[in-house]
Amino acid sequence: MSNTDVVAGFFAAGEADDVAAAIAHFAEDGVWIAAEGSEPGTTYRKPAMSELLTRLIAVRKEYEAKGVKIAYGDLVEAGDKVYLEIVISLDGKVLDRSIDVFTVVDGRIAVKDVYRKA
């Protein structure tokens with residue numbers, strides 16, 4: 001399984017609202033560094049990721065109900081890193097842009113680091 005497959009599996013599970021399956025793509029000591037809070041962001045360890053992802057799924061559903069679009073770019077793999085651009089827009093106006101940088105080790109996500117530009 002390629003590093004891109006690991007990240008794609010994480011997103012597929014999240015899009016299917018399967019929080020447990022999505023979080024299973026992380027290493028036991030994996031971290032998710034969210035673009036929130038004070039710089040450089042808030043770090044979540046695996047035990048807290050389910051709550052974070054549940055919250056993000058609720059936000060996605062709110063966006064969908066309001067007609068907000070979430071567009072994902074292509075997954076780009078370079079060594080142990082996988083990059084993904086995300087653009088959030090409404091009526092053609094960009095509301096938020098971000099890049100997720102994943103570090104994949106031994107078939108699991110070791111780090112998901114989110115960089116946001118609102």
Side-chain angles (χ1 to χ4, degrees):
M1 177 180 295
S2 74
N3 293 342
T4 301
D5 291 337
V6 172
V7 174
F10 163 75
F11 274 97
E15 288 290 317
D17 301 340
D18 190 340
V19 173
I23 301 308
H25 286 82
F26 277 83
E28 286 307 311
D29 60 349
V31 295
W32 182 335
I33 306 167
E36 63 183 24
S38 61
E39 292 297 329
T42 302
T43 300
Y44 293 85
R45 304 216 179 274
K46 199 164 184 179
M49 287 180 195
S50 292
E51 181 181 328
L52 172 63
L53 186 54
T54 298
R55 200 168 16 108
L56 292 175
I57 288 170
V59 169
R60 185 191 78 225
K61 290 179 178 185
E62 269 183 52
Y63 281 178
E64 289 169 352
K66 294 177 181 177
V68 174
K69 305 288 184 208
I70 302 173
Y72 298 97
D74 294 330
L75 293 171
V76 177
E77 185 172 343
D80 68 348
K81 303 280 194 252
V82 177
Y83 301 88
L84 176 66
E85 178 185 23
I86 302 167
V87 177
I88 299 172
S89 62
L90 177 62
D91 298 327
K93 180 183 177 200
V94 174
L95 303 175
D96 202 353
R97 294 179 10 211
S98 64
I99 296 284
D100 287 3
V101 179
F102 295 85
T103 303
V104 180
V105 178
D106 296 329
R108 295 278 181 247
I109 300 167
V111 179
K112 178 185 189 295
D113 201 351
V114 180
Y115 296 84
R116 186 180 83 219
K117 187 172 210 166

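The pair E64-R60 meets the salt-bridge criterion, with a side-chain N (NZ, NE, NH1 or NH2) lying under 4.0 Å from an Asp/Glu carboxylate O.
Under the 4.5 Å side-chain heavy-atom criterion for grouping Ile, Leu, Val, Met, Phe, Trp and Tyr, Y115 is connected to Y83 within one hydrophobic cluster. Both F11 and I23 belong to a common hydrophobic cluster when Ile, Leu, Val, Met, Phe, Trp and Tyr are linked at side-chain heavy-atom distances under 4.5 angstrom. Residues M49 and I86 are members of one and the same hydrophobic cluster, defined by side-chain heavy-atom contacts under 4.5 angstrom among Ile, Leu, Val, Met, Phe, Trp and Tyr. Using a 4.5 Å cut-off between side-chain heavy atoms of Ile, Leu, Val, Met, Phe, Trp and Tyr, with links allowed through other members, Y44 and V31 fall into different hydrophobic clusters. Under the 4.5 Å side-chain contact rule for hydrophobic residues, Y72 and I109 share a cluster.
Not one N or O on the side chain of T4 forms a donor-acceptor pair closer than 3.5 Å with the backbone of L75. Here the side chain of N3 pairs a donor or acceptor atom with the backbone of G79 at under 3.5 angstrom.
Rounded to the nearest 0.5 angstrom, D91 CG and K69 NZ are separated by 9.0 Å. To the nearest 0.5 Å, the span separating CD on E85 from CZ on R97 amounts to 6.5 Å. Summarising the geometry, atom CG belonging to L84 is positioned 13.0 Å from atom CD belonging to E77; distances are rounded to the nearest 0.5 Å. A distance of 10.0 Å separates CD1 in I33 from OG1 in T42, rounded to the nearest 0.5 Å.
Nearest approach of L53 to A22, heavy atoms of both residues: CD2-CB, 3.5 Å. A pairwise comparison of heavy atoms in V94 and S89 identifies CA-CB, 4.1 Å as the closest pair. Shown here for A27 and A110, the closest heavy-atom pair between the two residues is CB-CA, 4.5 Å.
Only one option out of D5, V7, D80 pairs with V104 in a side chain to side chain contact (heavy atoms under 4.5 Å, CB included); it is V7.
Counting heavy atoms of neighbouring residues, nucleotides and ligands inside a 6.0 Å radius, atom CD of E15 exceeds 12 of them.
Residues K112 and F26 meet the side-chain proximity criterion, which asks for heavy atoms closer than 4.5 Å. Residues H25 and F102 form no side-chain contact, since every pair of their non-hydrogen atoms from C-beta on lies 4.5 Å or further apart. Within the 4.5 Å cutoff, no side-chain heavy atoms of D100 are placed close to those of F10.
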- Task: Mind running side chain to side chain contact (heavy atoms under 4.5 Å, CB included) on L90 and Y63 for me, showing each step along the way?
- Result: CA-CA 9 Å; L90 177 62; Y63 281 178; over 6 Å; no
